**Q** 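This is the structure, below, for whatever I ask next.
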Amino acid sequence: MFYPESMARTDTLDLGRMRLTSGEGRQLELEVDLGSFSFAGTPYSVTPQPAPVALDISRMTHGGYAFRARFGATLSGPCMRCLEPAAPSTEVDVREVDQPGGGDELDSPYLVDEELDVVSWAHDALGLALPAQVLCRPDCRGLCAECGANLNEDPEHTHGPQIDPRWAELDKLTFE
């Protein structure tokens with residue numbers, strides 16, 4: 001049976017105070033500060049801050065817990081191809097299990113002494129859900145490697161064939 005609770009700002013959650021019995025669960029609406037991200041030294045901000053997170057907590061047999069978190073976030077910063085502003089949105093739906101004596105696969109690094117580190121878990125989950133590249137749009141063409149022109153603004157941009165300077169002398173050869 002789940003008992004919904006109202007939205008509250010939190011960084012950690014004391015599960016011991018909930019006094020959940022085996023098979024019992026709670027649904028919580030929390031506000032969590034997701035922090036920011038840095039890719040190759042370039043900072044990216046995350047909105048909204050704090051982010052609303054739907055958290056389901058279930059007590060398992062033998063003293064374990066099962067968790068599920070759902071939230072959405074937008075990463076804002078420069079496009080990794082053309083440097084224009086980019087703001088891709090990401091939806092996160094992540095699960096975590098902590099079962100004492102269950103081995104490494106069932107040991108959550110976010111739960112220590114019945115204290116759930118919600119901020120670290122949400123931040124890591126968002127980091128794993130983010131795209132490999134932050135782009136202004138999925139078909140971003142980037143910048144010209146030769147002159148830096150934005151290829152999104154001029155898709156027909158070319159410089160013509162370039163001859164490697166090491167082979168330029170061969171152009172002077174004539175055959176009769």
Side-chain angles (χ1 to χ4, degrees), residues 9-13 29-56 65-99 102-112 116-176:
R9 172 80 191 261
T10 188
D11 292 340
T12 61
L13 193 58
E29 294 292 327
L30 305 173
E31 290 184 338
V32 178
D33 183 2
L34 298 172
S36 61
F37 286 87
S38 177
F39 294 103
T42 303
Y44 289 84
S45 62
V46 177
T47 54
Q49 287 288 10
V53 175
L55 178 63
D56 300 338
Y65 288 97
F67 308 105
R68 180 180 182 198
R70 295 171 311 283
F71 60 94
T74 300
L75 196 68
S76 300
C79 174
M80 291 181 169
R81 289 187 187 161
C82 70
L83 303 177
E84 294 294 323
S89 294
T90 303
E91 291 297 320
V92 177
D93 188 347
V94 65
R95 296 171 191 272
E96 191 75 18
V97 173
D98 188 82
Q99 181 67 45
D104 289 340
E105 295 85 26
L106 298 177
D107 184 25
S108 174
Y110 307 107
L111 184 64
V112 178
L116 179 64
D117 187 349
V118 182
V119 170
S120 295
W121 182 33
H123 185 268
D124 291 352
L126 177 59
L128 291 172
L130 290 174
Q133 290 187 331
V134 178
L135 302 176
C136 58
R137 61 186 199 206
D139 63 340
C140 179
R141 298 184 60 170
L143 301 175
C144 174
E146 196 167 322
C147 68
N150 188 336
L151 299 176
N152 296 316
E153 296 170 2
D154 184 11
E156 305 299 321
H157 178 80
T158 61
H159 290 278
Q162 296 289 326
I163 298 173
D164 188 326
R166 296 172 292 183
W167 298 96
E169 289 299 315
L170 292 177
D171 269 353
K172 296 177 185 174
L173 291 177
T174 58
F175 296 99
E176 293 181 23

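One is the number of the first residue; the rest follow in order along the sequence. Quick caveat, the model's predicted, so the values are computed rather than measured.
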**Q** Would you compute the distance between atom CD of Gln133 and atom CZ of Arg81 and round it to the nearest 0.5 angstrom?
**A**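 Gln133 atom CD to Arg81 atom CZ measures 4.5 Å (nearest 0.5 Å).
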**Q** Do Pro155 and Arg141 make a side-chain contact, defined as non-hydrogen atoms from C-beta onward lying under 4.5 Å apart?
**A**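 Of all side-chain heavy-atom pairs linking Arg141 with Pro155, at least one is under 4.5 Å.
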**Q** Work out which heavy atom in Pro48 is nearest to a heavy atom in Ala73; give both atom names and the distance.
**A**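 Distance-wise, the nearest heavy atoms are CD-CA, 4.4 Å.
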**Q** Which pair of non-hydrogen atoms, one from Cys144 and one from His157, has the smallest distance, and what is that distance?
**A**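 Smallest interatomic distance, heavy atoms only, reads SG-NE2, 3.5 Å.
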**Q** Say you draw a straight line from CD of Glu156 to CG of Leu151; how long is it, rounded to the nearest 0.5 Å?
**A**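 CG of Leu151 is found 10.5 Å from CD of Glu156.
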**Q** Mind checking the OG1-CG spacing from Thr47 to Leu34? Nearest 0.5 Å is all I need.
**A**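 One gets 9.5 Å once the value is rounded to the nearest 0.5 Å.
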**Q** Does one side chain, of Thr74 or Ser89, offer a donor that lies under 3.5 Å from an acceptor on the other?
**A**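 Judged by distance alone, the side chains do pair up.
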**Q** Of all the heavy-atom pairs spanning Ala132 and Met80, show the shortest one and how long it is.
**A**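 Here Ala132 and Met80 meet closest at O-SD, 4.3 Å.
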**Q** At their closest point, which heavy atom of Leu135 faces which heavy atom of Cys79, and how far apart are they?
**A**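 Between these two residues, the closest heavy atoms are CA-SG, 3.7 Å.
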**Q** Output, in order, the C-alpha distance, side-chain angles, deciding distance and verdict of side-chain contact (heavy atoms from CB on, under 4.5 Å) for Thr90 and Leu126.
**A** CA-CA 8 Å; Thr90 303; Leu126 177 59; 4.3 Å; yes
**Q** Check whether any side-chain heavy atom of Leu116 sits under 4.5 Å from a side-chain heavy atom of Phe67, and report yes or no.
**A**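 Yes, at least one pair of side-chain atoms sits under 4.5 Å.
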**Q** Carefully, step by step, assess Leu30 and Phe71 under the rule side-chain contact (heavy atoms from CB on, under 4.5 Å).
**A** CA-CA 10 Å; Leu30 305 173; Phe71 60 94; over 6 Å; no
**Q** Once you measure the plane-to-plane angle for Phe39 and Tyr44, does it fall in the parallel (<30°), tilted (30-60°) or perpendicular (>60°) bin?
**A**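 Taking Tyr44 first and then Phe39, their aromatic rings stand perpendicular (interplane angle over 60°).
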**Q** Roughly how far, to the nearest 0.5 Å, is the CD atom of Gln99 from the CG atom of Leu111?
**A**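 Separation between the atoms: 11.5 Å.
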**Q** For the atom pair OG (Ser108) and OH (Tyr65), what is the distance rounded to the nearest 0.5 Å?
**A**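 Ser108 OG to Tyr65 OH: 12.0 Å, rounded to 0.5 Å.
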**Q** Start with the C-alpha gap between Arg68 and Asp93, add the side-chain angles, then the distance that decides, and say whether side-chain contact (heavy atoms from CB on, under 4.5 Å) holds.
**A** CA-CA 7 Å; Arg68 180 180 182 198; Asp93 188 347; 2.7 Å; yes
**Q** Give me the atom names and distance for the closest heavy-atom approach of Thr12 to Asp117.
**A**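 What the structure gives for the nearest pair is CG2-CA, 4.2 Å.
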**Q** So, Tyr110 versus Asp98: side-chain donor-acceptor pair below 3.5 Å or not?
**A**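 No - no donor-acceptor pair under 3.5 Å links their side chains.
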**Q** Start with the C-alpha gap between Arg95 and Asp56, add the side-chain angles, then the distance that decides, and say whether salt bridge (Lys or Arg N to Asp or Glu O under 4.0 Å) holds.
**A** CA-CA 9 Å; Arg95 296 171 191 272; Asp56 300 338; over 6 Å; no
**Q** Taking atom CG of Leu128 and atom NE2 of His123, what is their separation to the nearest 0.5 Å?
**A**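 Leu128 atom CG to His123 atom NE2 measures 10.5 Å (nearest 0.5 Å).
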**Q** Closest heavy-atom contact between Ala54 and Glu29?
**A**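 Answer, listing the atom of Ala54 first, then Glu29: CB-OE2, 3.7 Å.
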**Q** Does any part of the side chain of Arg70, heavy atoms only, come nearer than 4.5 Å to the side chain of Val53, both counted from C-beta?
**A**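 Result no, sub-4.5 Å side-chain heavy-atom pair not found.
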**Q** Taking side-chain contact (heavy atoms from CB on, under 4.5 Å) as the test, write out the residues that go with Leu143, two or more places apart.
**A**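 side-chain contact (heavy atoms from CB on, under 4.5 Å) list for Leu143, sorted by chain: Cys82, Leu83, Asn150.
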